[in-house]
Amino acid sequence: MDGKNTVTKRQAATSQLETAVKLFFENRDLISAFTLTSAADGILEGIWQNERDEHIERRAKAGQIQRGTLNEEWGARLNPNIRRSEGFSYLYKHQNFFKHADRDHDQGIEFRSFEFTALRIFTTICSFHLIYDQLTKPMLSFFSWYAAYNPSVLGEGNPLLNYLEQNPFNASKFSDTELAAEGYRLLKKNCPELFA
């Protein structure tokens, strides 16, 4: 075996995102989890930009709600008084800080690692679903965990909202470590292959 494989962009994004989910629920190395998620998001954003019209047409034919990636939604909602470059530098400041050191080699950055990483994984999973209309089991496990932790992200009419209303989950009663441990249990139960 020569060790060479052909890897698709989808496979790369999937691997990066699933590894980020596992690292996140292990509650360790959240900088790497954030960076892996950002890399997956970059791949998905590129796919979306190149195939956007096809995906919009497919979603319209299926009667699905039209939406965009985080980048597209962020750009559409920017305050008109803020320059686009300024608004996008805010969105990507952590991603850029963790990847580059050309202008800020001697600087630090405030990073609410649990909150920021959870949100970034969630939005990247949403972009994956936007493009592929499906999620892997680790992505679905994270999505379910995040929705229980933050039900305001669910759209009106989502069946998960009914379940959460009947089984409310008060995340404020738990530490980040406890929340991650709950996600870890969920991931281990639903995705034993990640722990082989």
Side-chain angles (χ1 to χ4, degrees), residues 7-45 47 69-71 73-74 91-99 109-155 158-196:
V7 179
T8 66
K9 295 291 188 176
R10 180 178 180 164
Q11 289 169 322
T14 299
S15 178
Q16 290 165 340
L17 199 45
E18 288 181 351
T19 301
V21 166
K22 188 168 187 259
L23 283 173
F24 180 83
F25 283 147
E26 289 172 348
N27 201 21
R28 66 181 181 92
D29 199 1
L30 296 182
I31 291 170
S32 292
F34 186 95
T35 304
L36 282 167
T37 303
S38 297
D41 186 64
I43 290 171
L44 296 169
E45 184 62 39
I47 291 169
T69 60
L70 171 64
N71 187 315
E73 296 286 334
W74 181 268
L91 177 65
Y92 293 110
K93 71 180 181 177
H94 291 92
Q95 175 178 334
N96 290 330
F97 185 86
F98 296 147
K99 286 175 40 183
I109 191 168
E110 182 182 309
F111 182 52
R112 294 194 306 268
S113 56
F114 193 82
E115 177 186 341
F116 284 179
T117 305
L119 178 61
R120 193 59 188 259
I121 292 172
F122 176 78
T123 58
T124 304
I125 286 171
C126 289
S127 293
F128 189 95
H129 188 266
L130 177 70
I131 294 166
Y132 298 114
D133 264 342
Q134 57 183 244
L135 297 176
T136 65
K137 286 194 281 184
M139 291 178 207
L140 190 55
S141 294
F142 186 91
F143 185 94
S144 301
W145 172 88
Y146 192 82
Y149 165 66
N150 190 1
S152 63
V153 299
L154 297 172
N158 189 310
L160 197 49
L161 281 173
N162 295 334
Y163 174 81
L164 290 172
E165 285 172 10
Q166 295 168 8
N167 303 282
F169 177 72
N170 186 353
S172 65
K173 292 182 178 181
F174 302 95
S175 69
D176 292 348
T177 302
E178 291 168 323
L179 288 169
E182 197 55 44
Y184 185 83
R185 279 190 288 279
L186 179 68
L187 188 66
K188 202 163 186 180
K189 176 184 171 192
N190 293 331
C191 311
E193 66 278 5
L194 292 180
F195 300 88

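Note that the structure is predicted; figures quoted are calculated from it, not measured.
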Is the side chain of E182 donor-acceptor paired with the backbone N or O of L179 at a distance under 3.5 Å, no angle test? no
Determine whether the aromatic ring centres of F34 and F24 lie less than 6.0 Å apart. no
Just how far is it from atom CG of L135 to atom OG of S141, taken to the nearest 0.5 Å? 10.0 Å
Closest non-hydrogen atom pair, Q16 against A39: OE1-C, 3.5 Å
For the side-chain contact (heavy atoms from CB on, under 4.5 Å) test, which of I121, L186, L187 pairs with F25? L187
Just wondering, do E178 and K173 contact through their side chains at under 4.5 Å, heavy atoms? no
Tightest non-hydrogen contact, residues P138 and V21, listed as O-CG1, 3.9 Å
Measure from the ring center of F122 to the ring center of F142 and say whether it is less than 6.0 Å. no
Could you verify whether a donor N or O on one side chain and an acceptor N or O on the other, from T136 and E18, lie under 3.5 Å apart? yes
Value rounded to 0.5 Å, distance of NZ in K9 from CD1 in I131: 12.5 Å
Assign the ring pair Y132 / F128 to parallel, tilted or perpendicular, where the plane angle (0 to 90°) is split at 30° and 60°. tilted
Let me see the working for L17 and L36 under side chain to side chain contact (heavy atoms under 4.5 Å, CB included), right down to the final yes or no. CA-CA 7 Å; L17 199 45; L36 282 167; over 6 Å; no
Mind listing the closest non-hydrogen atom pair of T117 and L30 along with its distance? OG1-O, 3.6 Å
Of all heavy-atom pairs between P192 and N190, which one has the smallest distance, and what is that distance? CD-C, 3.5 Å
Between the OG1 atom in T19 and the CG atom in D29, the distance rounded to the nearest 0.5 Å is 11.5 Å
To the nearest 0.5 Å, atom OG1 of T124 lies from atom CG of L44 at 7.0 Å
Please round to the nearest 0.5 Å and tell me the distance separating atom CZ of F195 and atom CD of E26. 6.5 Å
Is the shortest side-chain heavy-atom distance between W145 and Y184 below 4.5 Å? no
Does a side-chain heavy-atom distance below 4.5 Å link I125 with H129? no
A33 to A20 - nearest heavy-atom pair and separation: O-CB, 3.4 Å
Closest approach of D41 and R120, non-hydrogen atoms and distance? OD2-NH2, 3.1 Å
Flag, side chain of T14 to backbone of R10, donor-acceptor distance under 3.5 Å: yes
